[in-house]
Amino acid sequence: MLILGIESTCDETACAVVRDGKEILSNVVASQVDLHKIYGGVVPELAARRHTEVIIPLLKQALDEAGVSFDEIDGIGVAHGPGLIGALQVGLNTAKGLSLGSGKPFIGVNHIEAHLYAAMMSYEKEVKFPALGVILSGGHTCLVLVEKIGKYRLIGQTIDDAIGEAFDKVARVLGLPYPGGPEIEALAKEGDASRFSFRAGRVKEKPYSFSLSGLKTAVLYAVKGNGNSVSGEDLIKEEERADVAAAFQTVVFDDVIKKSLNAADAFGCKDVVFGGGVIQNRFFQETFEKKKRELNLIWPAKELTLDNAAMIAGLAYHQFLERPEGDQLELAAQATIPFASS
Ligand code: KG4
Ligand code: ZN
């Protein structure tokens with residue numbers, strides 16, 4: 001089955017052609033990072049306008065690179081959330097238009113589920129279920145039990161900031177540009193994590209949930225002084241910024257790893273699948289590999305880690321197996337979608 005995938009949830013427009021959920025025939029992405037960089041974050045209206053400009057040429061490119069004509073496509077998979085509504089509308093309405101014009105079915109895909117599927121898609125073997133899903137991104141920090149593809153149980157999430165958001169805010173405190181995650185990772189390499197002692201938050205009676213806002217404030221006060229704001233003067237020496245970055249990064253990831261190991265034990269998971277922009281962090285990957293005990297860690301291939309449409313087309317294939325007729329034109333773009341679908 002040949003599926004055309006479309007992705008426009010945030011600041012990447014992407015199209016892909018995937019055969020039978022796994023074989024990637026093309027996977028093209030137009031990133032908007034440079035467009036938003038000067039604003040320190042994604043500007044929703046600019047994102048939507050750029051999606052509108054590039055989506056049709058990108059669709060043609062994805063078909064060309066795959067060497068297939070639109071006639072040969074069996075169905076269209078499109079991310080219908082979670083994301084920015086204006087941005088989502090571009091991809092979703094393109095999918096609906098194609099479907100209406102051609103009579104081919106289209107199906108809405110949850111972008112976050114697709115990030116987890118990206119890891120499974122990259123894996124040559126069969127994933128052992130239940131697997132633990134670890135999603136770390138700019139908007140999500142969650143642990144989910146993957147009972148099978150399409151069946152998930154949320155077992156823990158952040159009660160305040162998402163992990164990527166915390167990285168971006170701490171980066172701002174340290175005077176680093178957006179997106180802050182890679183900047184903190186680079187700065188932390190020169191730092192000594194033991195020079196500052198930060199603590200990750202605990203959530204009462206929720207052993208697999210996260211709280212990062214207290215930690216974020218502790219970093220702010222360590223750098224700028226108690227009660228001061230991001231725009232205040234630094235209290236610490238220039239060379240201590242790297243120590244703060246290292247201490248923050250270590251504490252956050254130790255917390256994620258500890259809770260993931262405990263959850264895998266408690267729910268009898270042998271495989272762990274990862275998704276979201278933050279998991280690109282090499283320090284996180286290396287630390288988890290060292291501490292994994294007998295767990296098998298399944299990371300997405302590099303080209304499937306960032307937002308892409310191959311993961312959308314791949315997951316759509318599995319949804320089409322269950323619902324060949326796909327979705328109706330009433331399917332709406334959704335800013336948030338509750339993760340658990342069990
Ligand atoms: O999944 P993603 O590309 O976008 C969504 O949130 O959907 O994740 C973006 C987030 C940003 O907050 C960025 O700072 C963070 O991922 N990030 C990182 C790294 N690379 C990107 N965080 C920590 N370390 C990294 N190397
Ligand atoms: Zn994403």
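Both counts, for ligands and for their atoms, begin at 1 and track the order of listing. Computed from a predicted structure; not experimentally measured.
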Would you mind reporting whether Val109 and His80 have side-chain heavy atoms less than 4.5 Å apart? no
Counting heavy atoms only, which of Glu183, His140, Gln280 is nearest atom 21 (C) of ligand 1? Gln280
Between ligand 1 and Cys10, can you find any atom pair, the residue atom being a heavy atom, that is separated by under 4.0 Å? no
Geometric N/O contact Asn281 with ligand 1, under 3.5 angstrom: yes
So for ligand 1, is His115 a polar contact partner (N or O within less than 3.5 Å, distance only)? no
Regarding ligand 1, does Gly164 bring an N or O atom to under 3.5 Å of one of the ligand's N or O atoms? yes
Roughly how far, to the nearest 0.5 Å, is CD of Glu190 from CD of Glu239? 11.5 Å
Taking only non-hydrogen atoms of Asp168, do any sit less than 4.0 angstrom from ligand 1? yes
Compare Gly41, Gly275, Gly277, Pro82 and give the one whose heavy atom is closest to atom 1 (O) of ligand 1. Gly277
Taking atom 5 (C) of ligand 1 as the reference point, the nearest protein heavy atom with its distance: Gly138 N, 3.7 Å
Within a strict 4.5 Å, meaning less than it, do heavy atoms of the Met311 and His115 side chains meet? yes
May I ask you to check whether over 12 heavy atoms, not counting those of Gln328, lie within 6.0 Å of atom CD? no
Are any of the side-chain heavy atoms of Thr250 and Phe248 separated by less than 4.5 Å? no
Closer than 2.8 Å to the Zn ion (ligand 2), how many protein N/O/S atoms do you count? 3
Using a cut-off of 6.0 Å, state whether more than 12 heavy atoms not belonging to Lys22 lie near its atom NZ. yes
Hey, does Ser99 have a side-chain heavy atom less than 4.5 Å from the side chain of Lys96? no
Rounding to 0.5 Å, atoms CG (Asp161) and NZ (Lys216) come to a distance of 3.5 Å
Any ion pair linking Asp254 and Lys291 (charged N to carboxylate O, less than 4.0 Å)? yes
For the 3.5 Å polar cut-off, considering only N or O atoms, please tell me whether Phe167 and ligand 1 meet it. no
Distance-only polar pair, side chains of His318 and Glu322, donor-acceptor under 3.5 Å: no
